[in-house]
Amino acid sequence: MKHKTFIWSLLVLSALQFANCKSKEDNSATTTTTTVDTTVTMAPPPAPVEIAADTALETGLRDATKEFPDVKATTEDGEVTLTGNIERDQLPTLMQSINSLHPKKINNNLTIK
């Protein structure tokens with residue numbers, strides 16, 4: 001008996017769901033479509049970093065290190081190597097001067113006093 005009641009319950013529920021679907025109004029005529037603009041503007045790639053030639057670096061390094069007598073700077077293949085001693089408060093000034101020369105790399109082997 002429970003089995004028949006269960007089947008009837010399923011049939012009634014199915015009929016109700018079917019009736020609900022049929023009774024819905026057809027709103028397709030009043031449907032509006034919204035278009036979203038997804039255009040993305042990409043920034044141009046950054047300009048490549050220009051690496052100075054060793055001769056230009058050597059000239060610039062002489063000027064950058066002339067105020068620091070205990071610092072020795074050498075160049076090889078665009079890389080600057082710093083050796084010697086420097087005061088802690090003088091280091092930022094020296095590094096800014098050398099960075100402005102655009103070396104490929106700075107190898108800082110300085111001893112800070």
Side-chain angles (χ1 to χ4, degrees):
M1 183 74 171
K2 287 184 180 180
H3 183 66
K4 286 183 182 180
T5 307
F6 179 73
I7 291 176
W8 276 104
S9 300
L10 284 176
L11 287 175
V12 170
L13 286 174
S14 298
L16 288 174
Q17 285 181 347
F18 183 75
N20 285 339
C21 289
K22 283 232 166 203
S23 66
K24 289 185 180 178
E25 294 178 9
D26 184 17
N27 291 334
S28 61
T30 60
T31 303
T32 58
T33 304
T34 305
T35 304
V36 177
D37 184 17
T38 58
T39 305
V40 177
T41 305
M42 298 294 291
V49 176
E50 293 183 26
I51 300 188
D54 282 347
T55 54
L57 277 175
E58 288 172 3
T59 304
L61 284 174
R62 268 187 250 121
D63 291 337
T65 59
K66 68 182 175 185
E67 296 176 21
F68 308 97
D70 293 338
V71 175
K72 182 180 179 198
T74 58
T75 62
E76 186 175 327
D77 297 327
E79 292 187 13
V80 175
T81 302
L82 300 173
T83 54
N85 299 315
I86 192 167
E87 297 288 330
R88 182 175 301 277
D89 60 336
Q90 294 177 330
L91 184 61
T93 306
L94 175 64
M95 294 305 283
Q96 288 175 355
S97 298
I98 294 173
N99 277 322
S100 69
L101 301 173
H102 303 291
K104 185 187 305 183
K105 182 179 177 183
I106 298 175
N107 298 313
N108 184 356
N109 298 330
L110 293 171
T111 302
I112 298 175
K113 295 182 193 177

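Residues Met95 and Leu91 form a side-chain contact, since some pair of their non-hydrogen atoms from C-beta on lies under 4.5 Å apart.
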Result block: side-chain N/O donor-acceptor pairs under 3.5 angstrom for residues 105-113, not counting sequence neighbours:
{"residue": "Asn107", "atom": "ND2", "partner": "Glu79", "partner atom": "OE1", "Å": "3.3"}
{"residue": "Asn107", "atom": "ND2", "partner": "Thr81", "partner atom": "OG1", "Å": "3.4"}
{"residue": "Asn108", "atom": "OD1", "partner": "Leu110", "partner atom": "N", "Å": "3.0"}
{"residue": "Lys113", "atom": "NZ", "partner": "Asp70", "partner atom": "OD2", "Å": "3.2"}

Name the atoms and distances for all side-chain donor-acceptor pairs under 3.5 Å in residues 55-64, with sequence neighbours left out.
{"residue": "Glu58", "atom": "OE2", "partner": "Thr75", "partner atom": "OG1", "Å": "3.3"}
{"residue": "Thr59", "atom": "OG1", "partner": "Thr55", "partner atom": "O", "Å": "3.1"}

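The local environment of CD in Glu87 is crowded, with over 12 non-hydrogen atoms from other residues, nucleotides or ligands closer than 6.0 Å.
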